[in-house]
Amino acid sequence: MHRAPAAMVTKPLTDSNVEIRTPRDPNTLSNYHNFVTKHTSVDFEIDFEHKILSGAVGLDLESLTDEDVKEIVLDSSFLDISEVKVDGKSAKFEVGDRIEPYGAPLRITLPSSVPKGEIVSLVIAVSTTKKCTALQWMTPAQTSNKKHPYMFSQCQAIHARSVFPCQDTPDVKSTFSFSLRSPLPVLASGLSTGASDYQPPKNDGEQGTLKYTFEQKVPINSYLFAVASGDLACASIGPRSTVWTGPEELLECQRELEGEIEPFMKAIESTVAPNYQWTQYNILILPPSFPYGGMENPVWTYATPSIISGDKQNIDVIAHELSHSWSGNLVSCASWEHFWLNEGWTTYLERRIQASIHGEPHRHFSAIIGWKALEESIERYGADHEYTKLITNLKGQDPDDAFSSVPYEKGFHALYQFELLLGKEKWDTFIPHYFSTFANKSLDSYDFKACLLDFFASDAEASKKLADLDWDKLFYAPGYPPKPQFDDSLVKTCYELADKWEARVSGGAKGDFKPQASDIESWVSNQSVVFIERLQSFGTKFSAEDIHLLGETYGYNKTSNIEVSSRYLCLGLKAKAPETYQPASELLGKIGRMKFVRPLFRLLNEADRKLAVETFEKNKDFYHPICRQMVEKDLFGDESN
């Protein structure tokens with residue numbers, strides 16, 4: 001069903017009154033083709049001592065069928081479920097056998113079938129457990145000021161089911177209400193409606209608690225459920241934006257981000273439609289163990305502290321996460337097999353923001369960097385691997401295993417191909433139509449294709465070009481997409497300097513090239529990124545002395561910009577330069593972002609297996625469960641299971 005040839009999709013699904021509900025997501029155990037969640041309410045106490053969320057979740061589900069269906073099946077994973085009520089009355093329920101990696105189905109027996117269109121209300125008493133894969137709990141010692149504990153969630157891709165029973169699929173969207181009780185400030189993926197109902201501590205030495213409430217009136221997917229609680233402070237960074245972080249880091253974060261968000265917002269709103277739907281755009285700078293660069297939780301983007309480099313050079317992560325407010329959050333992929341519809345569109349929009357603010361050469365510069373990331377992913381998987389396709393087959397697979405730069409960069413190139421094929425002016429008329437058509441909905445690649453064909457149906461020239469396109473190749477061919485001609489004006493100096501280094505380390509005319517700090521003094525940090533990545537292509541030719549000279553001359557061994565320092569260390573590890581082993585190990589104890597952690601561990605493992613294992617064992621509790629699991633697979637393979 002999921003692997004149908006792309007050419008079979010010929011009729012657009014553009015009638016907003018028609019919804020086709022089929023179980024097109026293979027990574028959920030729920031029967032969401034029979035019932036669909038319309039509203040979710042969570043009422044949790046955040047228990048730092050026991051490291052659990054406990055309370056109740058309410059689900060209002062609409063029946064989609066008049067058939068005699070007397071069971072609702074929800075996703076769950078490692079949950080402690082004590083009671084289920086259906087329309088206010090206790091109901092029979094059963095947690096089925098665990099099915100890896102999807103958890104255990106929660107089967108709820110209904111007293112009778114529910115007519116199509118009617119709502120059935122569930123209230124489920126539930127607590128998370130220590131095996132929860134979505135929550136990270138940090139002791140005071142793991143935070144910057146060492147004063148208070150901290151917790152945050154990361155539910156993408158299929159981890160919301162380990163927080164509460166739900167239809168854990170991107171093909172379902174619901175409105176949300178949050179009621180979260182904590183001794184520390186709380187943020188959640190909705191608009192705050194205040195704090196109330198103070199309760200004094202129950203025992204000596206404990207803190208009192210407040211109830212923090214939030215409302216999300218725009219329907220969202222379960223993976224966008226987010227909660228964080230800790231010693232948080234906030235500052236304004238724009239007319240509709242604030243930054244939240246620890247008190248000690250607040251001013252530094254404010255300086256880095258102040259005045260940056262609104263230009264991004266105006267740039268993207270000139271390209272897409274409708275305008276920003278979420279009222280506020282706020283940023284939570286998380287502790288360094290956060291596994292991603294950013295997570296597009298509605299209203300509150302979660303961001304890695306690695307974007308705060310003191311030079312405003314790494315804040316394009318925010319342009320990416322802001323773009324998700326349209327692609328991913330407002331318009332969502334229907335399953336993780338079509339993840340490119342989230343990340344490809346977002347990468348495309350991010351680069352349109354860069355072009356608007358910095359000029360078109362910067363869009364191409366970013367695409368060149370992205371192509372290098374795509375090369376690394378495809379070479380690691382193998383050019384014929386399933387996970388290098390635009391549409392992947394994830395039946396029976398863990399979506400986290402397919403996470404790579406492929407849906408981002410191959411997805412970008414699919415959309416950029418349409419821009420080149422149709423012409424930018426025509427293509428730009430489709431973009432707002434696409435987002436308006438599928439706002440508050442989920443779609444797959446075939447819906448996208450049908451919408452595109454329908455939009456240009458009256459344009460004979462565009463229709464012929466789209467009809468002649470090899471859609472099956474676009475959707476299903478593994479490996480590399482066609483590589484366009486990029487404007488390389490910003491990378492020429494990077495490549496020229498890399499060529500000089502290649503001649504030097506290859507035993508050529510070492511005396512003819514003497515590296516000097518002035519070689520890179522006019523560069524932005526991303527030019528250093530491109531330069532070092534070019535060096536990595538012949539990294540094994542470097543001697544330990546060459547690595548030392550590179551780091552000392554250009555300051556790469558002292559920089560606080562992790563985008564640069566991590567790549568320099570990766571180069572040193574490739575070259576088996578011992579002076580980079582310990583700095584790499586130390587960096588792995590300071591950052592949990594998988595973009596940096598996984599490549600560093602892989603290369604450290606090749607250079608010094610003993611140090612790599614020791615580094616992991618020392619820091620494994622620092623990493624988020626998702627990151628820890630992926631590094632275990634990288635280091636130990638099947639041994640980690």
Answer yes if the ring centres of Trp336 and Tyr223 are under 6.0 angstrom apart, and no otherwise. yes

Mind checking whether Met295 and Phe290 have side chains closer than 4.5 Å, heavy atoms only? yes

Test of ring centre spacing under 6.0 Å for Phe164 and Phe225: yes

Check whether any side-chain heavy atom of Leu600 lies under 4.5 Å from a side-chain heavy atom of Cys570, and answer yes or no. yes

Ring-ring centroid check Trp345 His324, cutoff 6.0 Å: no

Verify the ring-centre separation between Tyr434 and Phe438: is it less than 6.0 angstrom? yes

Inter- and intrachain pairs under salt bridge (Lys or Arg N to Asp or Glu O under 4.0 Å), touching residues 152-169, at least two apart: Asp75-Arg161, Arg161-Asp168

Centroid-to-centroid, Phe418 to Tyr348, below 6.0 Å? no

Distance under 6.0 Å and angle within 45° of the ring axis: does Arg24 meet both against Tyr446? no

Does the side chain of His320 pick up a donor-acceptor pair with the side chain of Thr346 at under 3.5 Å? no

Lys424 and Glu419 ion-paired at < 4.0 Å: no

Centroid-centroid under 6.0 Å between Phe448 and Trp340 rings: yes

Could you grab the distance from atom OH of Tyr416 to atom CZ of Arg352, nearest 0.5 Å is fine? 10.5 Å

Supply the atom-to-atom distance Ser325 OG to Tyr276 OH, rounded to the nearest 0.5 angstrom. 4.0 Å

Out of the candidates Gln167, Glu62, Lys173, only one should pair with Thr37 under the side-chain hydrogen bond (donor to acceptor under 3.5 Å, both in side chains) rule; please name it. Gln167

Salt bridge Glu100-Arg98, side-chain N to carboxylate O under 4.0 Å: yes

Got a salt bridge between Arg567 and Glu563, using NZ or NE/NH1/NH2 to carboxylate O under 4.0 Å? yes

Asp316-Gln354 side chain donor-acceptor pair, cut-off 3.5 Å: yes

